[in-house]
2 protein chains.
Amino acid sequence: MSDAIANLSRKEQVIRKAAELFKDKGYAAASMRDLAQLLGIEAASLYSHIKSKEEILRSLCFDMAAEFRKSLEEVEKQHVPASEKLRNGIIGHIQVMAKDLTASAVFMNEHRHLSEPYLRDFLLLRINYINRFKTIIEDGVRTGEFKNTIDKKLAVMTLFSSLNWMPMWYDPDSSIDPQALGDQLADMLVNGLKKA
Amino acid sequence: MSDAIANLSRKEQVIRKAAELFKDKGYAAASMRDLAQLLGIEAASLYSHIKSKEEILRSLCFDMAAEFRKSLEEVEKQHVPASEKLRNGIIGHIQVMAKDLTASAVFMNEHRHLSEPYLRDFLLLRINYINRFKTIIEDGVRTGEFKNTIDKKLAVMTLFSSLNWMPMWYDPDSSIDPQALGDQLADMLVNGLKKA
DNA sequence: TTTTTCTACTAACGATTGTTTGTGGATGTA
DNA sequence: TACATCCACAAACAATCGTTAGTAGAAAAA
């Protein structure tokens with residue numbers, strides 16, 4: 001058991017450093033020798049811990065995807081108006097990202113370098129997640145909470161654009177903590193959708 | 001003269017194909033042999049038209065930057081309320097992107113692969129552009145057009161996140177034309193900022 | 001003790017990278 | 001005709017890529 005933990009621990013170190021590197025230079029421009037140097041070892045030594053470069057990317061992307069999914073599922077259980085459900089979905093999404101901003105940036109920007117069939121799987125997860133947010137918005141339009149004048153695809157894509165770029169500019173040491181950030185972002189986006 | 005046009009024409013073909021390739025695979029993962037193949041020539045032949053791979057990226061990034069700057073300068077001349085100025089700035093930004101969605105995507109996602117000192121120059125142009133939008137928002141807060149409860153950095157970054165991801169999902173053959181898209185996006189974002 | 005697990009090394013592989021050199025046909029201009 | 005420009009080629013360059021093979025010390029488990 002402790003072996004497994006120690007193993008995971010070192011492997012985890014490799015993956016986390018890789019996340020930083022992938023975020024900074026991009027997956028394709030980041031070499032295994034770069035990664036090894038950051039860890040103070042030789043490139044070949046990395047392969048004692050991971051099977052391939054892409055395995056690292058897969059692990060980062062699909063772990064984040066699972067977190068997002070889990071967060072949204074809890075929100076969907078709630079029996080609240082669509083506007084509040086959307087708001088809670090946004091806050092949940094922000095909090096998942098805030099827990100690991102580095103992995104979030106990789107998830108968002110580097111997933112396209114996954115090879116098949118992983119890329120297809122990833123994109124299916126993603127379209128499913130987006131569609132579930134779209135459903136919440138459509139519910140809100142139906143109940144009259146949201147404007148019916150705005151294109152729904154536009155609305156949901158604008159929402160995700162705002163959310164997904166957050167890891168690129170948010171500074172966790174800044175004056176806004178993740179909770180307040182989620183609140184303000186949700187307020188800004190939801191009130192932009194709400195009927196006047 | 002006609003020589004110059006023919007020359008520019010072929011060089012332009014190379015750059016535009018490169019933009020498509022860079023958008024699809026990312027700058028680092030796109031090889032000059034890939035690009036040559038798309039054009040039906042050998043990789044070495046590319047160097048009859050361009051000096052280096054990065055020269056293409058520079059050309060794409062800085063040409064777009066100039067377009068954005070030009071658009072914003074016209075908006076800044078207008079003597080209108082801040083909310084309308086912001087709205088027009090958004091519409092202008094969208095229209096510049098819509099004119100070349102491929103180059104816009106490269107501008108947004110691949111600029112980080114510029115080497116120094118070009119990267120520094122690019123980032124300075126960009127922060128300047130963002131700050132000028134921030135000024136418009138601050139003016140609006142001062143005149144009471146916009147809420148003063150929202151963090152201004154958050155507001156402006158959310159704005160740009162929404163705008164900058166548009167090339168990733170917008171389909172020019174869709175039902176929404178660029179003009180209507182700009183209108184709706186501006187409406188959605190500005191009314192989210194406006195006092196109730 | 002013996003055995004296993006973890007972590008790292010050196011050396012090297014075949015493939016691919018951006019780019020340079022030198023060449024030459026085709027086209028238009030003087 | 002003679003010259004210049006454009007555009008493409010084949011061949012090759014050093015550098016770097018992800019990865020494998022084989023080895024070994026150190027620590028933990030049996």
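Keep in mind the model is a prediction, meaning the values are calculated, not measured. Convention: sequence-line order gives letters A, B, ...; per-chain numbering from 1. Values below: every heavy atom of this structure, side chains too, minus hydrogens, waters and symmetry copies.
- If you check residues 21-31 of chain B against DNA chain C, the residues with a heavy atom closer than 4.0 Å are B:A30, B:S31, listed by number.
- Hydrophobic clustering (side-chain heavy atoms under 4.5 Å, transitive across Ile, Leu, Val, Met, Phe, Trp, Tyr) keeps B:I91 apart from B:Y170.
- Taking the side chain to side chain donor-acceptor pair (under 3.5 Å) definition, one finds that B:R33 meets it with nothing, sequence neighbours left out.
- B:K53 places its NZ atom 13 Å from the C1' atom of D:dT16, with the value rounded to the nearest Å.
- Hydrophobic clustering (side-chain heavy atoms under 4.5 Å, transitive across Ile, Leu, Val, Met, Phe, Trp, Tyr) keeps A:I137 apart from A:I127.
- A salt bridge links B:E54 with B:R58; the closest basic N to acidic carboxylate O contact falls under 4.0 Å.
- Under the 4.5 Å side-chain heavy-atom criterion for grouping Ile, Leu, Val, Met, Phe, Trp and Tyr, B:L163 is connected to B:L154 within one hydrophobic cluster.
- The interatomic distance linking B:K11 (NZ) with D:dT5 (P) rounds to 17 Å, in whole Å.
- If you measure from atom CD of A:E55 to atom P of D:dG18, you get 15 Å, rounded to the nearest angstrom.
- In this structure, B:K53 is positioned above the aromatic face of B:Y27, its NZ or CZ under 6.0 Å from the six-membered ring centre and within 45° of the axis.
- B:Y47 places its OH atom 18 Å from the P atom of D:dC13, with the value rounded to the nearest Å.
- A:E12 places its CD atom 17 Å from the C1' atom of C:dC6, with the value rounded to the nearest Å.
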Any chance you could list the contact pattern along nucleotides 8-13 of chain C? Use B for base contacts, S for sugar-phosphate-only contacts and - for none, protein heavy atoms under 4.0 Å, 5' to 3'. BBBBB-
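- Residues B:Y118 and B:F122 keep their aromatic ring centres 6.0 Å or farther apart.
- Aromatic rings from A:F107 and A:F62 are positioned such that their centres are separated by 6.0 Å or more.
- Whole-Å rounding puts the B:K51 NZ to C:dT21 C1' distance at 19 Å.
- In this structure the side chain of A:L119 never reaches within 4.5 angstrom of the side chain of A:H113, judged on heavy atoms.
- One interatomic measurement links the two molecules: NE2 of A:H113 to P of D:dG18, which rounds to 12 Å at whole-angstrom precision.
- A straight line from CG of B:L57 to P of C:dG18 spans 13 Å, rounded to a whole angstrom.
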